[in-house]
Amino acid sequence: TLFRSVAKSVLESVLESKEVYKKLTSNEVSELSDEIRDGYKEIVNVAMGQAADALARVLGAFVLMPIPNVNMLEVSELTMALNEVSEKQSVSAVCQGFIGAGVAGEALILFSQSSMLDIAELMNFKSELTKQAELELLMDISSILSGACLQGISRQLDFKFTQSHPVILGRHIKIEDLFKRCEKRWKKTLTIETSISIEGRNINCQLLLLFTEDSIPRLNEFVSYLIE
């Protein structure tokens, strides 16, 4: 395989160092039992591994991916954690909605701006890296990651997601500005996140699956059935 799993994502390390992590892991607030949380991790670890492997084959490089981080998060908490991860640098973001079997959400991929030159080189892009060319590369990489990951989840849970076309949410924007646009759609979300990097390259991105709050009971049913 062309991808390697590493111990912990940067986002998880940030959450652990903040009061929000203690809040999220307390029985009083968390809506996920340890068994269900572990079930999510197992399912998504397989799916994200498939996504990382698909990306590695396209780029011809080793992809490093930690075990996914699973939490119930308010939008403000997610924004805070991702700001720490990105060190408040600007990012480019691609979003792809999905729905199926009573479960809905969005796959969100965040790219650091410093990643684009190396992405273009690995994709054998020879022309000038114009704004349009950069957008096309972002869409291509995002489609590979989100498509393979969602397919991996749906296969394990035995239902199909219908996916919308990927949409560029912004280029060279701050994390807090990005999530201000999301607050109107949802306040709280089941967030499954991992960071992806390319060995020996300055390529780093965050892959997040954001499930709507009203999808969680149905999704828990699928996960419970699978881990029984």
- prompt: Going by the ring-ring contact (aromatic ring centres under 6.0 Å, His included) test, which pairs reach into residues 127-161, not counting sequence neighbours?
  reply: F98-F161, F159-F161, F159-F222
message: For residues 126-137, which residue pairs pass the salt bridge (Lys or Arg N to Asp or Glu O under 4.0 Å) check, not counting sequence neighbours?
response: E134-R171
query: Where do T194 and V44 land on the side chain to side chain contact (heavy atoms under 4.5 Å, CB included) test, with the steps shown first?
result: CA-CA 10 Å; T194 193; V44 180; over 6 Å; no
task: Would you sort out whether L122 and V58 count as a side chain to side chain contact (heavy atoms under 4.5 Å, CB included), showing the intermediate values?
output: CA-CA 9 Å; L122 287 175; V58 170; over 6 Å; no
Partner residues of Q96 under the side-chain hydrogen bond (donor to acceptor under 3.5 Å, both in side chains) criterion, sequence neighbours left out: S146
query: Are L137 and I168 grouped together when hydrophobic residues (ILVMFWY) are joined by side-chain heavy atoms under 4.5 angstrom apart?
result: yes
field: Residues in salt bridge (Lys or Arg N to Asp or Glu O under 4.0 Å) contact with R201, at least two apart in sequence or another chain
entry: D118, E121
task: Only counting residues at least two apart or in another chain, list the ones meeting side-chain hydrogen bond (donor to acceptor under 3.5 Å, both in side chains) with D214.
output: T212
- request: Name all pairs fulfilling the ring-ring contact (aromatic ring centres under 6.0 Å, His included) condition that reach into residues 109-137, sequence neighbours left out, sorted by first residue then second.
  value: none
- prompt: By side-chain hydrogen bond (donor to acceptor under 3.5 Å, both in side chains), which residues pair with S197, not counting sequence neighbours?
  reply: none
Contact list for residues 219-228, test salt bridge (Lys or Arg N to Asp or Glu O under 4.0 Å), sequence neighbours left out: R218-E221
- prompt: Which residues pass the side-chain contact (heavy atoms from CB on, under 4.5 Å) test with L117, sequence neighbours left out?
  reply: L129
- prompt: Given the rule in the side chain to side chain contact (heavy atoms under 4.5 Å, CB included) test, do L207 and E193 qualify, once you have shown the distances and angles that lead to the verdict?
  reply: CA-CA 6 Å; L207 171 59; E193 175 273 345; over 6 Å; no
query: Looking at residues at least two apart in the chain, or sitting in another chain, which of them share a ring-ring contact (aromatic ring centres under 6.0 Å, His included) with Y40?
result: none
- prompt: With no hydrogens and no angle check, is any side-chain donor or acceptor of E199 less than 3.5 Å from a backbone partner on F62?
  reply: no
- request: Look up atom NZ in K188 and atom CD in E77, then write down how far apart they are to the nearest 0.5 Å.
  value: 8.0 Å
field: Any pair counted as ring-ring contact (aromatic ring centres under 6.0 Å, His included), so long as it reaches residues 126-153, sequence neighbours left out
entry: none
query: Going by the salt bridge (Lys or Arg N to Asp or Glu O under 4.0 Å) test, which pairs reach into residues 147-162, not counting sequence neighbours?
result: none
